[in-house]
Amino acid sequence: MPEEALIVVDMQRDFMPGGALPVPEGDRIIPRCNRYIEEFRRRGALIVATRDWHPENHISFRENGGPWPRHCVQNTPGAEFVVELPADAVIISKATEPDKEAYSGFEGTELAEILKRNGVKRVYICGVATEYCVKATALDAVKHGFETYLLRDAVKGINPEDEGRALKELEGAGVKVLSRLWSFSTLSAGRGGG
């Protein structure tokens with residue numbers, strides 16, 4: 001069984017430029033995320049993709065008193081993935097109940113159980129947005145006992161200052177921030193460059 005997993009966080013149309021809640025230049029990491037998906041799959045790693053999957057009346061929406069515009073509503077184009085996921089990817093839907101917010105892919109989902117059931121010990125994380133769902137997912141991965149790596153070249157934040165603070169917080173919590181995995185062809189088990 002693979003001991004590693006790639007977690008692709010919230011690479012959805014509404015979080016890309018032109019979407020309802022865009023991450024600036026979020027589309028620039030799509031090719032990198034696709035490359036990581038391809039390479040980790042070739043290595044036999046588990047591929048996981050998290051997504052916001054909100055009901056129409058979700059608590060996070062401004063019209064319901066939340067901080068965000070309507071985004072990633074279930075079964076709408078804005079909720080669609082923008083990366084190339086294999087047919088056997090594990091899809092984790094979060095914030096699916098009207099009155100519950102969830103930034104982390106672990107919050108209110110079976111992600112931890114799925115990873116453990118598949119023998120995963122190390123997780124590598126990419127996606128958007130660095131200071132929100134990426135950070136929350138990485139912090140929870142550490143809390144659940146996984147060796148956790150952030151793929152710095154395949155994440156995007158909303159605000160550079162907030163993103164910088166988030167990266168420091170992650171490193172302080174034990175997340176290893178890799179500038180990139182130096183060579184796709186020479187990835188050794190669980191070890192990258194950085």
Side-chain angles (χ1 to χ4, degrees), residues 4-43 45-54 58 60 68-96 101-109 111 114-115 120 123-141 146 148-160 162-163 166-167 170 175 177-181 184 192:
E4 59 191 11
L6 175 68
I7 303 176
V8 183
V9 176
D10 295 9
M11 288 298 288
Q12 296 168 269
R13 199 167 303 286
D14 269 346
F15 294 129
M16 299 296 115
L21 187 54
V23 174
E25 299 184 337
D27 54 335
R28 291 184 63 182
I29 64 168
I30 293 173
R32 292 177 193 159
C33 289
N34 282 335
R35 186 72 193 276
Y36 281 123
I37 290 166
E38 179 187 330
E39 288 297 327
F40 273 96
R41 185 169 188 236
R42 187 179 59 77
R43 289 157 57 88
L46 189 69
I47 307 297
V48 176
T50 71
R51 65 181 179 183
D52 272 5
W53 195 242
H54 297 313
H58 195 252
S60 73
W68 310 116
R70 283 168 59 88
H71 64 281
C72 299
V73 174
Q74 296 171 11
N75 301 307
T76 64
E80 292 171 0
F81 288 113
V82 295
V83 290
E84 296 167 15
L85 294 169
D88 59 353
V90 175
I91 308 300
I92 297 293
S93 299
K94 58 190 175 67
T96 60
E101 180 56 294
Y103 290 98
S104 167
F106 290 89
E107 190 175 343
T109 74
L111 179 53
I114 290 168
L115 293 174
V120 172
V123 297
Y124 294 79
I125 297 173
C126 62
V128 294
T130 312
E131 63 268 49
Y132 290 99
C133 296
V134 167
K135 181 181 88 168
T137 299
L139 290 174
D140 275 356
F146 299 103
T148 305
Y149 297 85
L150 184 76
L151 299 170
R152 182 70 185 91
D153 64 333
V155 295
K156 273 283 179 192
I158 295 170
N159 175 291
D162 291 340
E163 185 177 37
L167 292 171
L170 289 169
V175 176
V177 178
L178 306 178
S179 56
R180 63 188 171 116
L181 288 177
F184 283 102

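The model shown is predicted, which means the values in this text are computed figures rather than measured ones.
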Query - Rounded distance [0.5 Å steps], OG in S60 versus NE2 in H54 - result: 4.0 Å

Query raised in the report: Do the ring planes of W68 and Y103 sit parallel (below 30°), tilted (30 to 60°) or perpendicular (above 60°)?
Result: perpendicular

Report task. For side chain to side chain contact (heavy atoms under 4.5 Å, CB included), just list the numbers for T137 and V123, CA-CA rounded to whole Å, side-chain angles, deciding distance to a tenth of an Å, and then say yes or no. Result -> CA-CA 10 Å; T137 299; V123 297; over 6 Å; no

**Report entry** Side-chain heavy atoms of Y132 within contact of D10, under 4.5 Å
**Finding:** no

Report task. Could you grab the distance from atom OG1 of T76 to atom CH2 of W53, nearest 0.5 Å is fine? Result -> 7.0 Å

**Report entry** Shortest non-hydrogen separation from F146 to V120 and the atoms involved
**Finding:** CE2-O, 3.3 Å

Report task. Decide yes or no for F106 and L115: does some side-chain heavy atom of the first lie under 4.5 Å from some side-chain heavy atom of the second? Result -> yes

Query raised in the report: Which heavy atom of A102 sits nearest a heavy atom of D52, and at what distance?
Result: O-OD1, 4.2 Å

Query raised in the report: Looking at CG of L178 and CG of L151, how far apart are the two atoms once the value is rounded to the nearest 0.5 Å?
Result: 6.0 Å

Query raised in the report: From L21 CG over to M16 CE, what is the distance, rounded to the nearest 0.5 angstrom?
Result: 10.5 Å

Query raised in the report: Do you know which two heavy atoms are closest between F81 and R13, and how far apart they sit?
Result: O-NH2, 4.2 Å

Query raised in the report: Is there side-chain contact between I47 and D88, with heavy atoms separated by less than 4.5 Å?
Result: no

Query - D27 and V82, any side-chain heavy atoms less than 4.5 Å apart - result: no

Query raised in the report: Got a donor-acceptor contact below 3.5 angstrom from the Q12 side chain to the C72 backbone?
Result: no

Requested in this report: Please determine, by modelled atom types, if R152 and S179 share a side-chain donor-acceptor pair under 3.5 angstrom.
Outcome: no

Query - Separation of H58 NE2 from H71 NE2 (nearest 0.5 Å) - result: 8.0 Å

Requested in this report: Give a yes or no on whether the backbone of K94 and the side-chain of E107 come within a donor-acceptor separation of less than 3.5 Å.
Outcome: no

Query - Verdict with reasoning, I114 to I92, per side chain to side chain contact (heavy atoms under 4.5 Å, CB included) - result: CA-CA 10 Å; I114 290 168; I92 297 293; 3.9 Å; yes

**Report entry** Reported CE-to-CD1 distance for the pair M11 and I30, which is rounded to 0.5 angstrom
**Finding:** 5.0 Å

Query raised in the report: Is a salt bridge present between E38 and R41, judged by a nitrogen-to-oxygen distance below 4.0 Å?
Result: no

Query raised in the report: Which of these, T148, L167, I125, sits in a side chain to side chain contact (heavy atoms under 4.5 Å, CB included) with V175?
Result: T148

Requested in this report: Flag yes if more than 12 heavy atoms outside E80 fall under 6.0 Å of its CD atom; otherwise flag no.
Outcome: yes

Query - Heavy-atom closest contact (T109 atom, S93 atom, distance) - result: CG2-O, 3.6 Å

Report summary line: C133 and V9 have their tightest heavy-atom pair at CB-CG1, 3.8 Å

Query - Close side-chain approach of N159 to E131, heavy-atom, < 4.5 Å - result: yes

Query raised in the report: Are the aromatic ring centres of Y36 and Y124 under 6.0 angstrom apart?
Result: no

Report summary line: Heavy-atom closest pair (A154 atom, C33 atom, distance to 0.1 Å) is O-SG, 3.8 Å

